[in-house]
Amino acid sequence: EDQVTQSPEALRLQEGESSSLNCSYTVSGLRGLFWYRQDPGKGPEFLFTLYSAGEEKEKERLKATLTKKESFLHITAPKPEDSATYLCAALGSYNTDKLIFGTGTRLQVFP
Amino acid sequence: DAGITQSPRYKITETGRQVTLMCHQTWSHSYMFWYRQDLGHGLRLIYYSAAADITDKGEVPDGYVVSRSKTENFPLTLESATRSQTSVYFCASRETDFDYGYTFGSGTRLTVV
């Protein structure tokens, strides 16, 4: 059964304190690994798509990486406006379009 | 406005009533999806559609009905609402390739009393 697990559930960082969020996935035939940001009361906002092990993508203070079993979202020198819930999702196999989400990591960055 | 629009934003209904949540996208994306988001469960797929008149079940389809007569609209109907269907519902769409991911609407918060 396809599964996505995120850790930690919650993370508190001081402004400027870099850290990483983890996403472990078990899917057959990974077609894409997605990262989203979600602010309270809003829909998820797309950040990255990763396709194969070794791939990396960057956007401002965020960098996403992918291995055969995990993906990491690295946050460098975070600012309070980076506070949000970060969601990871995986799409596996060629027979369905069922994107499987993890339960997210709630990040708080305080000044 | 371009994008994906959900309505209503908030809805309170009684147990046993039929409720329809609306979703409209302006990009002509082939693929559209309905998710529900609950504390502790994350986002779970209810139904999805690969094109007009083509729909398929997701992870939690029981109690829901969808239709897609036009590419831009994908309504979700709760035939007889139950309290367990109290949730936040998100509609999403995507292009054929995955480079831009799935685009989500702002959600409908549904409360069944």
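Residue numbers begin at 1 in each chain, while the letters A, B, ... track the order of the sequences.
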J.: Answer yes or no: is there a donor N or O on one side and an acceptor on the other, between the side chain of B:Thr13 and the main chain of B:Val112, under 3.5 Å?
T.: no
J.: Chain A heavy atoms under 4.5 Å from B:Arg44: which part of the residue, side chain, backbone, both or neither?
T.: neither
J.: Examine whether an atom of B:Tyr102 lies under 4.5 Å from a heavy atom of chain A, and if so say whether it belongs to the side chain, the backbone or both; otherwise answer neither.
T.: both
J.: Are A:Glu56 and A:Lys63 within salt-bridge range, i.e. N to O under 4.0 Å?
T.: yes
J.: Is there a path of hydrophobic side-chain contacts, each under 4.5 Å between heavy atoms of I/L/V/M/F/W/Y residues, joining A:Leu11 to A:Val109?
T.: yes
J.: Verify the distance criterion only: is there a donor paired with an acceptor across the side chains of B:Thr20 and B:Thr77 at less than 3.5 Å?
T.: yes
J.: Below 4.5 Å, heavy-atom pairs only: which of A:Gly102, A:Gly43, A:Pro44 has the largest tally toward chain B?
T.: A:Pro44
J.: Please state whether the side chain, the backbone, both or neither of A:Lys42 comes within less than 4.5 Å of a heavy atom of chain B.
T.: backbone
J.: Counting only heavy atoms closer than 4.5 Å, note whether A:Tyr51 contacts chain B via side chain, backbone, both or neither.
T.: side chain
J.: Would you say the side-chain atoms of B:Gln25 pair up with the backbone N or O of B:Ser28, donor to acceptor, closer than 3.5 Å?
T.: yes
J.: Does any heavy atom of chain A fall under 4.5 Å from the side chain of B:Phe98, the backbone, both, or neither of them?
T.: both
J.: Kindly work out whether a path of hydrophobic side-chain contacts (I/L/V/M/F/W/Y, heavy atoms less than 4.5 Å apart) joins A:Leu33 to A:Phe72.
T.: no
J.: So what's closer than 4.5 Å to chain A heavy atoms on B:Leu45: side chain, backbone, both or neither?
T.: side chain
J.: Taking A:Ala10's backbone N and O only, do any of them form a donor-acceptor pair with A:Thr105's side chain (distance below 3.5 Å, no angle check)?
T.: no
J.: Between B:Gln37 and chain A, with a heavy-atom cut-off of 4.5 Å, which part of the residue counts as in contact: side chain, backbone, both or neither?
T.: side chain
J.: So what's closer than 4.5 Å to chain B heavy atoms on A:Leu99: side chain, backbone, both or neither?
T.: both
J.: Ignoring hydrogens and angles, tell me if any N or O in the side chain of A:Arg12 forms a donor-acceptor pair with the backbone of A:Gln14 under 3.5 Å.
T.: no
J.: B:Leu39, B:Thr103, B:Asp99: which one forms the most heavy-atom pairs within less than 4.5 Å of chain A?
T.: B:Asp99
J.: For B:Arg109, which atoms come within 4.5 Å of any heavy atom of chain A: side chain, backbone, both, or neither?
T.: neither
